[in-house]
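Numbering starts at 1 and runs along the sequence shown. Remember, it's a predicted structure, so these values are computed and weren't measured experimentally. Start at 1 and go down the list; that is how both ligands and their atoms are numbered.
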Amino acid sequence: MSNQEIENNKENFFSQQDSIPNHVAVIMDGNGRWAKSRGLKRSLGHKAGMDQVKTIAKHANRRGVKALTVYAFSTENWKRPLDEVNYLMQLPVEFFDTFMPEIMEANIKVTMIGIPDKLPRKTKKVMENAIKSTQNNKGMVLNFAVNYGGRSEILAAAKDLAKDIAEGKKNPQKVTEEDFESYLMSSVLGEYQNVDYMIRTSGEERISNFMLWQNAYSEFYFSPLAWPDFNEKAFDEALAIYQKRQRRFGGV
Ligand code: IPE
Ligand code: IPE
Ligand code: MG
């Protein structure tokens, strides 16, 4: 979209800026099918998907989203063929090599959730560097879920809490939900840890082990578009739908 189109869209769609979701989390699905339907290799779908992350990150930041979590690789995605796994693992390298200047210009802060240990050395390094060089940026937080699984996150938090209890640092009777959240990987998002809007592309309507704790009261949006087709206009449409939702959090 051109800048003018983006501005026009903004006027059409958004009258109340206050109902922009703070934390949007995206299950970026459908890269493989997008490629297949064009007679391309799956890897080219992932490449197009990576480019779309750049577009949507800049756009969400402009719209006033505070945190955008993107599901890049799940703990279950290791089951895929090795060449696909390898391709996905080198994508962050390409992503930050090409996108870092724009990240800095947009003042975007990069964070990560997931288990870094199993990642190839180069992937891990590039993520660490991006996190470090953007740590003082004050714009939107772009949070990558890499080798991430909701269950593994909750289990790791439970183990860390159990350790603190065993060492006498925590009283088990007094542990609150907020305390528990501080043990989750998503605590890197601070006050925006819980998801407001969960978007999944490609027509699948499932959660696939994504932010199980944090999605407790999020609104869900399922788009039939494959992730590489989910452009700024599609994102604006999703935001407009969010603005019509009435969140109740169990109240009336
Ligand atoms: C999502 O696209 C990207 C990742 C899971 C890394 P897919 O690769 O799952 O695409 P489909 O679902 O096979 O079309
Ligand atoms: C979820 O998509 C994981 C990511 C987008 C990284 P999948 O394509 O792996 O999920 P399933 O297998 O369809 O549930
Ligand atoms: Mg998929």
Side-chain angles (χ1 to χ4, degrees), residues 23-57 60 67-96 98-99 110-120 122-124 126-127 130 142-155 184-186 188-189 195 197-215 218 220-231 234-235 238:
H23 181 188
V24 178
V26 187
I27 303 180
M28 311 183 287
D29 198 12
N31 293 349
R33 279 163 283 168
W34 180 90
K36 195 172 173 220
S37 72
R38 285 162 176 76
L40 303 170
K41 286 195 295 189
R42 288 179 63 84
S43 57
L44 288 174
H46 295 312
K47 165 98 175 73
M50 178 195 77
D51 289 336
Q52 202 67 304
V53 175
K54 299 177 182 173
T55 304
I56 294 301
L68 177 72
T69 298
V70 290
Y71 203 6
F73 194 90
S74 77
T75 46
E76 287 73 35
N77 286 148
W78 297 105
K79 292 179 198 160
R80 296 186 177 206
L82 188 61
D83 63 340
E84 181 168 349
V85 168
N86 288 342
Y87 188 84
L88 286 166
M89 284 298 152
Q90 66 78 39
L91 270 183
V93 180
E94 207 178 319
F95 180 87
F96 289 114
T98 52
F99 195 46
V110 175
T111 57
M112 184 191 145
I113 54 174
I115 307 164
D117 297 5
K118 257 184 95 179
L119 302 179
K122 222 175 158 194
T123 313
K124 212 171 124 176
V126 84
M127 291 297 316
L142 175 58
N143 181 38
F144 285 87
V146 188
N147 192 20
Y148 173 84
R151 287 183 173 178
S152 111
E153 180 189 34
I154 293 171
L155 184 60
L184 293 170
M185 293 159 179
S186 58
V188 292
L189 298 172
V195 178
Y197 206 21
M198 205 286 289
I199 296 174
R200 182 169 189 149
T201 58
S202 91
E204 307 300 343
E205 302 189 355
R206 55 177 172 263
I207 196 143
S208 301
N209 203 12
F210 188 48
M211 303 197 99
L212 300 179
W213 174 286
Q214 300 84 349
N215 272 313
S218 61
F220 283 20
Y221 179 80
F222 298 105
S223 166
L225 297 173
W227 172 248
D229 289 329
F230 194 80
N231 57 15
F235 190 82

Just by distance, do the side chain of [X] and the backbone of [Y] share a donor-acceptor pair under 3.5 Å?
{"X": "Asn77", "Y": "Phe73", "value": "no"}
{"X": "Asn143", "Y": "Leu189", "value": "no"}
{"X": "Asn147", "Y": "Pro116", "value": "no"}

Can you list the ligand 1 atoms lying under 4.0 Å from a non-hydrogen atom of Arg33?
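Here the atoms of ligand 1 in question are 11 (P), 12 (O), 14 (O).
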
Contacting atoms of ligand 1, where contact means under 4.0 angstrom from a heavy atom of Asn31
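Those atoms are 1 (C), 2 (O), 3 (C), 7 (P), 10 (O), 14 (O).
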
Looking only at heavy atoms, what is the nearest atom pair of [X] and [Y], with distance?
{"X": "Ile199", "Y": "Ala238", "result": "CD1-CB, 4.1 Å"}
{"X": "Asn209", "Y": "Arg151", "result": "OD1-N, 2.9 Å"}
{"X": "Pro228", "Y": "Gly45", "result": "CG-O, 3.9 Å"}

Subset of ligand 2 atoms that lie under 4.0 Å from at least one heavy atom of [X]:
{"X": "Phe73", "answer": "6 (C)"}
{"X": "Ser208", "answer": "10 (O), 11 (P), 14 (O)"}
{"X": "Ile27", "answer": "1 (C), 5 (C)"}

Ligand 2 N/O within reach of Ser74 N/O, cut-off under 3.5 Å
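In this structure, Ser74 places no N or O atom under 3.5 Å from an N or O of ligand 2.
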
So which pairs with a foot in residues 24-39 pass salt bridge (Lys or Arg N to Asp or Glu O under 4.0 Å), sequence neighbours left out?
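Listed once each, the pairs are Asp29-Arg33, Asp29-Arg200, Arg33-Glu204, Arg38-Asp229.
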
Gly30 near ligand 1 by a heavy-atom separation under 4.0 Å:
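Right, Gly30 reaches ligand 1.
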
Should Arg80 be listed as contacting ligand 1, given a heavy-atom distance under 4.0 Å as the test?
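So Arg80 counts as touching ligand 1.
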
Only counting residues at least two apart or in another chain, list the ones meeting side chain to side chain donor-acceptor pair (under 3.5 Å) with Thr201.
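Side chain to side chain donor-acceptor pair (under 3.5 Å) list for Thr201, sorted by chain: empty.
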
Geometric class of the Tyr71/Tyr148 ring pair [parallel <30°, tilted 30-60°, perpendicular >60°]:
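It falls in the perpendicular class, over 60°.
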
Angle class for the Phe230/Trp227 ring planes (parallel below 30°, perpendicular above 60°, tilted otherwise)?
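Phe230 and Trp227: parallel rings.
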
Tell me: protein heavy atom nearest atom 1 (C) of ligand 1, and distance?
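Heavy-atom neighbour on the protein nearest atom 1 (C) of ligand 1: Met28 O, 2.9 Å.
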
Atom 6 (C) of ligand 2 - nearest protein heavy atom and its distance:
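Here the closest protein heavy atom is Tyr71 O, 3.3 Å.
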
I want to know if ligand 1 touches Asn77 in the polar sense, i.e. an N/O pair below 3.5 angstrom.
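N/O-N/O distance below 3.5 Å does not exist for this pair.
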
What part of Ala72, side chain, backbone, both or neither, has a heavy atom within less than 4.0 angstrom of ligand 2?
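Looking at Ala72 and ligand 2, just backbone atoms fall under 4.0 Å.
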
Using a 4.0 Å heavy-atom cut-off, say whether Phe210 meets ligand 2 through its side chain, its backbone, both or neither.
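Contact part for Phe210 vs ligand 2: neither.
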
Under-4.0 Å heavy-atom contact with ligand 1, by part of Lys36 that carries it:
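None of Lys36 does.
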
Does Met89 reach the side chain of Leu119, with side-chain heavy atoms less than 4.5 Å apart?
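Yes. Closest side-chain heavy atoms under 4.5 Å.
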
Any residue meeting salt bridge (Lys or Arg N to Asp or Glu O under 4.0 Å) with Lys47, in chain and number order, not counting sequence neighbours:
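Lys47 satisfies salt bridge (Lys or Arg N to Asp or Glu O under 4.0 Å) with Asp51, Glu94 once adjacent residues are dropped.
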
Options Glu204, Glu76, Arg200, Arg206, ranked by nearest heavy atom to atom 10 (O) of ligand 2, top entry:
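Of the listed residues, Arg200 has the closest heavy atom.
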
Using the ring centroid of each side chain, check whether Phe144 and Phe96 are separated by less than 6.0 Å.
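For Phe144 and Phe96, the ring centres are under 6.0 Å apart.
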
For the Mg ion (ligand 3): protein N/O/S atoms at distances below 2.8 Å:
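Every protein N, O or S atom under 2.8 Å from the Mg ion (ligand 3) counted, the figure is 1.
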
